[in-house]
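Working notes, structure below.
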Amino acid sequence: MSDQNTPKLEDIVSLCKRRGFIFPGSDVYGGLSGTWDYGPLGVALKRNVMELWWKMFVEDADNMYGIDAAILMNQKVWQASGHVDTFTDPLVECSNCHGRFRADKIDTSKCPTCGKSDTFGDPKQFNMMFETKIGPLAHERELILSEEFLRGLLDKLDENGEVQYKMVDEIHRGSSDVGANTVYLRPETAQGIFTNYKNVVDTFYPDVPFGLAQQGKAFRNEISPRDFVFRSREFEQMEIEYFVHPDNWETAFEEWVAKVHDWCRALGLPDESVHELEVPEADRAHYSKRTIDFEFDFPIGREELLGLAYRTDFDLQNIQRVSGKSMEYRPKDGGELYVPHVIEPSFGLERAIMAVLTAAYTEDEVNDEKRIYLKLPEHLAPVKYAVSPLLKNKPELVEKAKEVYAQLKKQHGAVMWDDNGNIGKRYRRQDEIGTPYCVVIDFQTLEDNTVTIRNRDTTEQTRTSISEL
RNA sequence: GCGGGUGUCGUAUAGCGGUUAUUAUCCCAGUUUUCCAAACUGGUGAUCGGAGUUCGACUCUCCGCACCCGCACCA
């Protein structure tokens, strides 16, 4: 349901490329599906969102600890977490209509699409995790074990063919097993937190409830990445695992619902565009006892912005089982040992940025002309102030403006110099990148050291003295 | 991954089996300009990639790649 205030996705994509926020990944080489690169303004916006998150949830809280785990992890992590099993789907393809289906979800004797019988071959494993190898000989080994290569070779041999085929099958079976040198690019950042739970408890002795927070890249081999940065193969997550006593999970869950709404407001998202979806059991992840998806009215429709899940003690119990190390928490008041339960708010950074852009993108009609501007919250805007001389062919104005620019730059950092074209043109350009204030040095400045400050949203100007900037 | 569509300067576009590849805007340099995309001058910049057909391909054919729509997938 998008009302007329929701911008079109193509308008946002276009503005992002035109003004240097977000470009297609590997653009000069024709692109790479499912990847996006951030330009100068995009990375500024992205960092502002990340820093806001870190400040709100880590620095401003007194029971939160930050960590930053490696992307590559021991493969046992993913066996313990269930990802090796649940991220691997057996898929079958119909030789008649080429439809693809989960082999474990349909009757494979008959194609549900075209109705033909016995059109399915053997199921093939499809895993959403990117896999790579540790060690320098990895690729050589893969080449030797290529089934196609070996079969092609053996097709040329008449004698003992049968024996040789058997050998190929054995070798191939061996290579499709997960070798000791196989590692995965993490499909979620959460496990990097769980694997460090014990280290943090042993070094900081935090009181429950406490949380561990992390920001970082995650990778999923999506079948079809789509909708701009909404679903891509490489993305950034901001996650918190909040450890609670099992009796208190419901209270903590409700607290986090409120905090999530605070976060959405800090991003400048209107309350009426954010929706809670209680995820029914059948749709929940394998580890979760309760999940709320927070959805947002994106240009592509109402879709998930972030998730809040009660993960029980699923992860810590798994680590305890697989590693053999105790994950029990010892209360300082001498109470009984227990394995803490976990509330997990999980934020997608790119989705947050897309929501921010959606909420900020505004088109106004001014004198029959369209004015496009990004109504970004001040703390997220890539550029806070643009400084201009009213006229650039008057050296005294330019000189004074440069002084003001240097002063503001020292104070705020995110300040841009702009003397291109005429003043109206500069305002429009700054509008499009969401700069909240344009500071202009004019002839009056030379007399009384005051400048005009033009407001992005109202286009009104006020005159202020330089010292009060 | 399947089916359908699309692919020309940064953006938006025109056109053609043989062009100096059109126009606007953006961008850059300059003139001008006392507050909301004014004007003028000059400039950079594109046929998605690779094969094939042809004397000659941006144009036709095939194969890749990317994007859009639908299906499926979505821990």
Side-chain angles (χ1 to χ4, degrees), chain A residues 8-11 13-20 23-35 39 78 81-89 91-94 96-102 105-106 112-114 124 126-129 186-188 190-191 218 220-228 230-231 279 283-288 291 293 300 303-304 307 309 311 346 364 366-373 388-394 397 420-432 438-446 451-456 458-461 463:
Chain A
K8 290 201 207 92
L9 182 61
E10 56 188 280
D11 290 334
V13 175
S14 166
L15 183 129
C16 282
K17 186 162 188 192
R18 179 158 33 99
R19 291 302 185 190
F23 309 115
S26 310
D27 204 11
V28 284
Y29 291 111
L32 178 66
S33 183
T35 62
W78 307 112
S81 70
H83 282 84
V84 172
D85 293 330
T86 61
F87 259 52
T88 308
D89 297 330
L91 292 184
V92 288
E93 182 172 337
C94 173
N96 182 49
C97 68
H98 300 293
R100 285 194 160 206
F101 308 93
R102 287 272 298 270
K105 292 247 174 111
I106 62 158
T113 303
C114 66
K124 287 184 179 159
F126 185 89
N127 195 302
M128 298 265 294
M129 287 195 287
R186 61 184 180 195
E188 63 168 29
Q191 294 306 321
R220 290 179 199 177
N221 206 349
E222 295 285 352
I223 296 174
S224 66
R226 209 166 272 197
D227 299 322
F228 197 33
F230 187 83
R231 175 173 291 118
V279 180
D283 297 339
R284 284 199 297 263
H286 57 280
Y287 49 72
S288 179
T291 299
D293 281 351
I300 53 172
E303 295 285 351
E304 184 182 350
R311 288 179 86 126
S346 174
D364 278 352
V366 180
N367 303 330
D368 289 338
E369 241 184 311
K370 204 162 58 171
R371 184 173 84 98
I372 297 172
Y373 61 106
S388 292
L390 180 59
L391 299 172
K392 76 167 164 180
N393 64 345
K394 298 283 186 281
L397 286 184
N420 199 304
N422 61 44
I423 190 69
K425 211 166 175 178
R426 291 173 219 157
Y427 286 153
R428 294 302 181 87
R429 198 201 340 254
Q430 295 300 328
D431 281 343
E432 277 204 336
C438 292
V439 175
V440 173
I441 282 68
D442 58 17
F443 293 96
Q444 196 180 326
T445 310
L446 301 176
V451 294
T452 62
I453 301 178
R454 181 263 196 183
N455 182 291
R456 174 195 65 201
T458 63
T459 76
E460 279 164 10
Q461 293 174 50
R463 188 162 274 279

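Chain identifiers are assigned alphabetically (A, B, ...) following the order of the sequence lines, protein sequences preceding nucleic acid strands; residue numbering begins at 1 within each chain.
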Hey, is the side chain of Arg429(A) poking within less than 4.0 Å of OP1 or OP2 on rC27(B), counting only N and O atoms? yes
Between CZ of Arg226(A) and P of rC2(B) the distance, given in whole Å, is 13 Å
For rC40(B), the Watson-Crick or wobble counterpart (both distances under 3.5 Å): rG30(B)
For Asp442(A) and rC36(B), what is the distance between atoms CG and P respectively, to the nearest whole Å? 13 Å
Distance check, P atoms only: rC63(B) and rG45(B), in whole angstrom units. 35 Å
Find the distance Arg284(A):CZ to rC74(B):P and express it as a whole number of Å. 17 Å
Between rU23(B) and rG42(B) - P atom distance, rounded Å: 13 Å
Among rU32(B), rU34(B), rC35(B), which is the nearest nucleotide to the side chain of Phe443(A)? rU34(B)
Distance between the P atoms of rU22(B) and rC68(B), in whole angstroms? 30 Å
Any side-chain heavy-atom pair of Gln430(A) and Arg454(A) under 4.5 Å: no
Who does rU59(B) pair with, Watson-Crick or G-U, both distances under 3.5 Å? none
Test salt bridge (charged side-chain N to carboxylate O under 4.0 Å, His left out), reference Asp431(A), set Lys425(A), Arg371(A), Arg456(A), output is Arg371(A)
Any donor-acceptor pair under 3.5 Å between the side chain of Arg454(A) and the base of rC36(B)? yes
Rounded off to whole Å, could you give me the CD-to-P distance for the Glu432(A) and rG10(B) pair? 18 Å
So Pro187(A) and Trp78(A), do their side chains get closer than 4.5 Å, heavy atoms only? yes
Any Asn393(A) side-chain N or O less than 4.0 Å from OP1/OP2 of rU33(B): yes
The side-chain contact (heavy atoms from CB on, under 4.5 Å) partner of Val440(A) among Thr452(A), Val451(A), Leu397(A) is Thr452(A)
Of all the choices, rC36(B), rA37(B), rC35(B), which nucleotide is nearest to the side chain of Thr452(A) once you look at every atom? rC35(B)
Any-strand Watson-Crick or G-U partner of rA46(B), both distances under 3.5 Å: none
Going by side-chain hydrogen bond (donor to acceptor under 3.5 Å, both in side chains), name the residues that satisfy it together with Asp442(A), two or more places apart in sequence or in a different chain. Thr445(A), Arg463(A)
How about Asp364(A) and Tyr373(A): do any of their side-chain heavy atoms sit closer than 4.5 Å? yes
Within the structure, does a side-chain N or O atom of Lys17(A) lie under 4.0 Å from either OP1 or OP2 of rU11(B)? yes
Spacing of the P atoms in rG56(B) and rU19(B) (rounded, Å): 14 Å
C1' atoms of rC62(B) and rA72(B), separation to the nearest Å: 28 Å
Establish whether the base of rA72(B) is bridged to the side chain of Ser224(A) by a donor-acceptor pair shorter than 3.5 Å. yes
I need the NZ-C1' distance between Lys425(A) and rA38(B), as an integer number of Å. 10 Å
Relative to the 5' end of RNA chain B, which residue comes earlier, Asp283(A) or Ile372(A), by the nucleotide with the nearest heavy atom? Ile372(A)
Does a side-chain N or O from Ser33(A) land closer than 4.0 Å to OP1 or OP2 of rC67(B), or not? yes
Ring pair (Phe, Tyr, Trp, His ring centres under 6.0 Å) with Phe228(A): which residues, sequence neighbours excluded? Trp36(A)
Determine the Euclidean distance between corresponding P atoms of rA29(B) and rC69(B); express it in Å to zero decimal places. 38 Å
Between rC69(B) (C1') and Leu9(A) (CG): distance, integer Å: 13 Å
Determine the contact category for Gln461(A): base if any of its heavy atoms lies under 4.0 Å from a base atom, sugar-phosphate if only primed atoms, P, OP1 or OP2 are that close, otherwise nothing. base
For Arg426(A), which contact category applies under a 4.0 Å heavy-atom criterion: base, sugar-phosphate, or nothing? nothing
Within the modelled atom types, does a donor on one side and an acceptor on the other bring the side chain of Arg19(A) and the base of rG10(B) under 3.5 Å apart? no
Under the rule for side-chain hydrogen bond (donor to acceptor under 3.5 Å, both in side chains), what residues qualify as partners of Arg429(A), not counting sequence neighbours? Asp418(A)
Write down the distance between CG (Asp364(A)) and P (rC36(B)), rounded to a whole number of angstrom. 17 Å
Determine the Euclidean distance between corresponding C1' atoms of rA21(B) and rA14(B); express it in Å to zero decimal places. 9 Å
Taking only residues two or more places apart in sequence, or in another chain, which ones meet Asn455(A) in a side-chain contact (heavy atoms from CB on, under 4.5 Å)? Tyr437(A), Asp457(A), Thr458(A)
Using the C1' atom in both, what is the distance from rU47(B) to rU34(B), to the nearest Å? 46 Å
Looking only at side-chain atoms of Tyr427(A), point me to the closest of rC26(B), rC35(B), rU34(B). rC35(B)
Name the residue closer to the 5' end of RNA chain B, choosing between Gly424(A) and Lys394(A) according to the nucleotide with the nearest heavy atom. Lys394(A)
Whom does rU20(B) pair with, Watson-Crick or G-U wobble, provided both distances fall under 3.5 Å? none
Identify which nucleotide among rC35(B), rC74(B), rC27(B) has an atom closest to any side-chain atom of Ile423(A), counting heavy atoms from C-beta outward. rC35(B)
Going by purine N1 to pyrimidine N3 plus the second Watson-Crick contact, or the G-U wobble pair, all under 3.5 Å, which nucleotide sits opposite rU53(B)? none
Protein proximity profile, nucleotides 39-47 of chain B - base contact B, sugar-phosphate-only contact S, no contact -, cut-off 4.0 Å on heavy atoms: ---------
Nearest to the Leu391(A) side chain among rC26(B), rA72(B), rU33(B), which nucleotide is it? rU33(B)
Please name the nucleotide paired to rG15(B) by Watson-Crick or G-U wobble geometry with both distances under 3.5 Å, or report none. none
Looking at rC67(B), which nucleotide sits across from it as a Watson-Crick or G-U wobble partner, both distances under 3.5 angstrom, or is there none? rG5(B)
Take atom CG of Asn420(A) and atom P of rA38(B), then tell me their distance rounded to the nearest Å. 11 Å
Glu10(A): partners by side-chain hydrogen bond (donor to acceptor under 3.5 Å, both in side chains), with sequence neighbours left out: none
Indicate yes or no for a side-chain donor-acceptor contact from Arg226(A) to the backbone of Arg231(A) under 3.5 Å, with no hydrogens or angles considered. no
